Amino acid sequence: MSQNLLSLDLSADDITAINTALTDIESRLAGRLVALDSHTRRRITKMGDKSEAFVRQTLMVLEQNPDIVPAALRLEEAQADLRAVDALRPLLARLRRLVERVSDSEMALGSDAMNTALEGYALLKVTGRNKGLEGLSAALSVRFARSTPAREPAPTP
């Protein structure tokens, strides 16, 4: 029995509208976001959940005591960064949920197709023998071929 986790039919108009919306999002964020390389991502100081309360409280105390804050500390920039974090978080949560659902949908659709193909292949192997489909069945069997480890050449005497 074939599995059917999901049926999805996106029209050309749907795809066009989705791509237009994504292009709009990308254009509104162009030049405003950063792409960190893996080295930078590893080495920078991160504000995690536990650190956030510390950051917010420290910035608040510094704002309330401007006489101890040197200009080089750039408090206003840090406050603006925190406001931007607050603005991005709900967007990021929505995008993550959407990406997860799109990814799960892709997986479900692929699984549905793979299960049907496996069932069809089993039918080809059994009933295709008498229908001249042996060659096609053999060609499809490559998917299940086990790779053998490369053998080292025999030493020359």
Side-chain angles (χ1 to χ4, degrees), residues 1-60 62-63 73-150:
M1 176 173 284
S2 292
Q3 119 185 339
N4 187 21
L5 298 174
L6 177 66
S7 293
L8 178 67
D9 182 23
L10 294 173
S11 69
D13 286 345
D14 291 335
I15 297 295
T16 299
I18 292 166
N19 277 318
T20 299
L22 290 172
T23 299
D24 185 46
I25 291 168
E26 290 170 340
S27 68
R28 288 176 186 271
L29 294 172
R32 297 179 182 191
L33 301 179
V34 65
L36 301 175
D37 60 50
S38 59
H39 173 72
T40 303
R41 207 175 281 121
R42 279 191 309 272
R43 74 171 176 77
I44 63 173
T45 306
K46 295 160 191 77
M47 181 182 74
D49 293 338
K50 293 179 182 177
S51 302
E52 186 172 344
F54 165 79
V55 169
R56 288 183 186 280
Q57 191 168 12
T58 301
L59 294 182
M60 182 181 65
L62 291 172
E63 181 181 29
L73 189 62
R74 299 186 338 215
L75 177 61
E76 294 82 18
E77 188 172 333
Q79 291 169 323
D81 289 345
L82 202 52
R83 285 190 302 274
V85 164
D86 291 339
L88 282 178
R89 278 202 177 136
L91 300 175
L92 183 58
R94 286 185 69 187
L95 288 169
R96 282 182 174 150
R97 280 192 307 271
L98 180 60
V99 166
E100 185 174 344
R101 290 175 55 206
V102 169
S103 179
D104 286 351
S105 296
E106 178 199 28
M107 186 182 297
L109 292 164
S111 180
D112 287 350
M114 183 66 179
N115 277 310
T116 300
L118 289 170
E119 289 177 27
Y121 175 69
L123 287 171
L124 277 174
K125 283 176 37 179
V126 173
T127 60
R129 290 183 186 141
N130 300 330
K131 309 246 188 241
L133 299 174
E134 296 89 357
L136 182 57
S137 181
L140 292 172
S141 71
V142 172
R143 156 56 174 99
F144 301 101
R146 290 198 171 130
S147 61
T148 57

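When a residue number appears, it is its place in the shown sequence, counting from 1. As a basis for the values below, the full set of heavy atoms in this structure was taken, side chains included, without hydrogen atoms, waters or symmetry mates. Since this is a predicted model, take the numbers as computed values, not measurements.
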side-chain contact (heavy atoms from CB on, under 4.5 Å) involving [X] - partner list, sequence neighbours excluded:
{"X": "Ala117", "result": "none"}
{"X": "Asp9", "result": "none"}
{"X": "Gln3", "result": "Leu5, Ser111, Asp112, Asn115"}
{"X": "Ile15", "result": "Leu10, Asn19"}

Counting heavy atoms not belonging to Met47, are there more than 12 under 6.0 Å from its CE?
-> yes
What do you reckon, is CZ of Phe144 surrounded by more than 12 foreign heavy atoms closer than 6.0 Å?
-> yes
Summary of salt bridge (Lys or Arg N to Asp or Glu O under 4.0 Å) pairs that have at least one residue in residues 32-49, sequence neighbours excluded | none
Contacts satisfying salt bridge (Lys or Arg N to Asp or Glu O under 4.0 Å) that involve residues 20-31 (not counting sequence neighbours) are Asp24-Arg28
When rounded to the nearest 0.5 angstrom, what distance separates OG1 in Thr58 from CD in Glu63?
-> 13.0 Å
Mind checking what makes side-chain hydrogen bond (donor to acceptor under 3.5 Å, both in side chains) contact with [X], not counting sequence neighbours?
{"X": "Ser38", "result": "none"}
{"X": "Thr23", "result": "none"}
{"X": "Glu77", "result": "Arg74"}

Among residues two or more places apart or on two chains, list those pairs meeting side-chain hydrogen bond (donor to acceptor under 3.5 Å, both in side chains) that have a residue in residues 118-128.
-> Ser2-Glu119
Backbone of Glu134 reached by a side-chain donor or acceptor of Ser137 within 3.5 Å = no
Ignoring hydrogens and geometry, is there a side-chain-to-backbone donor-acceptor pair from Asp104 to Arg101 under 3.5 Å?
-> no
Can you list every ring-ring contact (aromatic ring centres under 6.0 Å, His included) pair that touches residues 5-41, not counting sequence neighbours?
-> none
Which pairs of donor and acceptor atoms, one on a side chain in residues 80-96, lie under 3.5 Å apart (sequence neighbours left out)?
residue, atom, partner, partner atom, Å
Asp86, OD1, Arg56, NH2, 2.4
Asp86, OD2, Arg56, NH1, 3.3
Asp86, OD2, Arg56, NH2, 3.3
Arg89, NH1, Glu52, OE1, 2.9
Arg89, NH1, Glu52, OE2, 3.0
Arg89, NH2, Glu52, OE1, 3.0

